[in-house]
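Okay, so here's the structure we're looking at.
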Amino acid sequence: MVNKGDDMKALMSPNSLYQEAYNAICELALIKGVIGDNYDILRLKELVEVDKLIGETLWMTNYWVSNIEINDVLTPRKVIYCSIHNNGEILLHFKDGVLPFNLVGKYAYKSKSEAESALKAKDGELV
């Protein structure tokens with residue numbers, strides 16, 4: 001005869017799929033308690049991505065001095081902090097400038113090799 005208590009212990013063991021699902025539901029409930037019912041999950045994902053960039057170095061392929069754009073120069077820039085403009089745009093702040101977050105992957109890259117590849121592709125060296 002099978003003891004139902006043993007079955008329940010097996011279902012809720014630390015490695016069981018049921019325990020993992022239960023833990024995920026509890027975590028989601030905690031998050032919902034903090035952010036409420038009205039939120040945009042894509043915006044939250046974007047904010048988490050931005051938060052991870054603070055203190056990181058981005059490799060810039062373009063930058064501006066006053067209103068003059070300097071192209072095709074690899075320049076490392078450390079993200080000091082981020083802000084949200086009153087229009088909702090997320091901005092990355094560097095020692096000497098600011099870049100909208102949506103330009104990461106276009107003018108700023110997480111690694112030097114990504115930035116070099118982007119410059120080569122722009123010059124038509126990559127097919």
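All residue numbers refer to positions in the sequence shown, counting from 1.
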Hphob cluster co-occupancy, F101 + V98, side-chain heavy atoms under 4.5 angstrom: no
When every non-hydrogen atom of S83 is compared with those of H93, the smallest separation belongs to OG-NE2, 2.7 Å
With E114, which residues qualify under side chain to side chain donor-acceptor pair (under 3.5 Å), at least two apart? S111
Could you check whether any side-chain heavy atom of T57 comes within less than 4.5 Å of a side-chain heavy atom of K112, counting everything from C-beta outward? no
Taking I90 as the starting point, is it possible to reach Y81 by hopping between hydrophobic residues whose side chains are less than 4.5 Å apart? no
Are I84 and F94 linked, directly or through intermediate hydrophobic residues, by side-chain heavy-atom contacts shorter than 4.5 Å (ILVMFWY only)? yes
Using salt bridge (charged side-chain N to carboxylate O under 4.0 Å, His left out) as the criterion, list what pairs up with K78, not counting sequence neighbours. none
First locate atom CD of E116, then atom OG1 of T61, and finally report the distance between them rounded to the nearest 0.5 Å. 11.5 Å
Looking at residues at least two apart in the chain, or sitting in another chain, which of them share a side-chain contact (heavy atoms from CB on, under 4.5 Å) with P100? E89, L91, N102, L103
Pairwise distance OH(Y109) to CG(L119) - rounded to 0.5 angstrom: 7.5 Å
Those residues at least two apart in sequence (or on a different chain) that pass side chain to side chain donor-acceptor pair (under 3.5 Å) with N87 are H85
With V79 as partner, the option from V104, L99, L58 fulfilling side chain to side chain contact (heavy atoms under 4.5 Å, CB included) is L58
Residues 26-36 vs salt bridge (Lys or Arg N to Asp or Glu O under 4.0 Å), sequence neighbours excluded, gives K32-D37
Would you mind writing out the side-chain donor-acceptor pairs for residues 46-55 within the sub-3.5 Å range, not counting sequence neighbours?
| unit_1 | atom_1 | unit_2 | atom_2 | d |
| --- | --- | --- | --- | --- |
| E46 | OE1 | R43 | NH1 | 3.2 |
| E49 | OE2 | K45 | NZ | 3.2 |

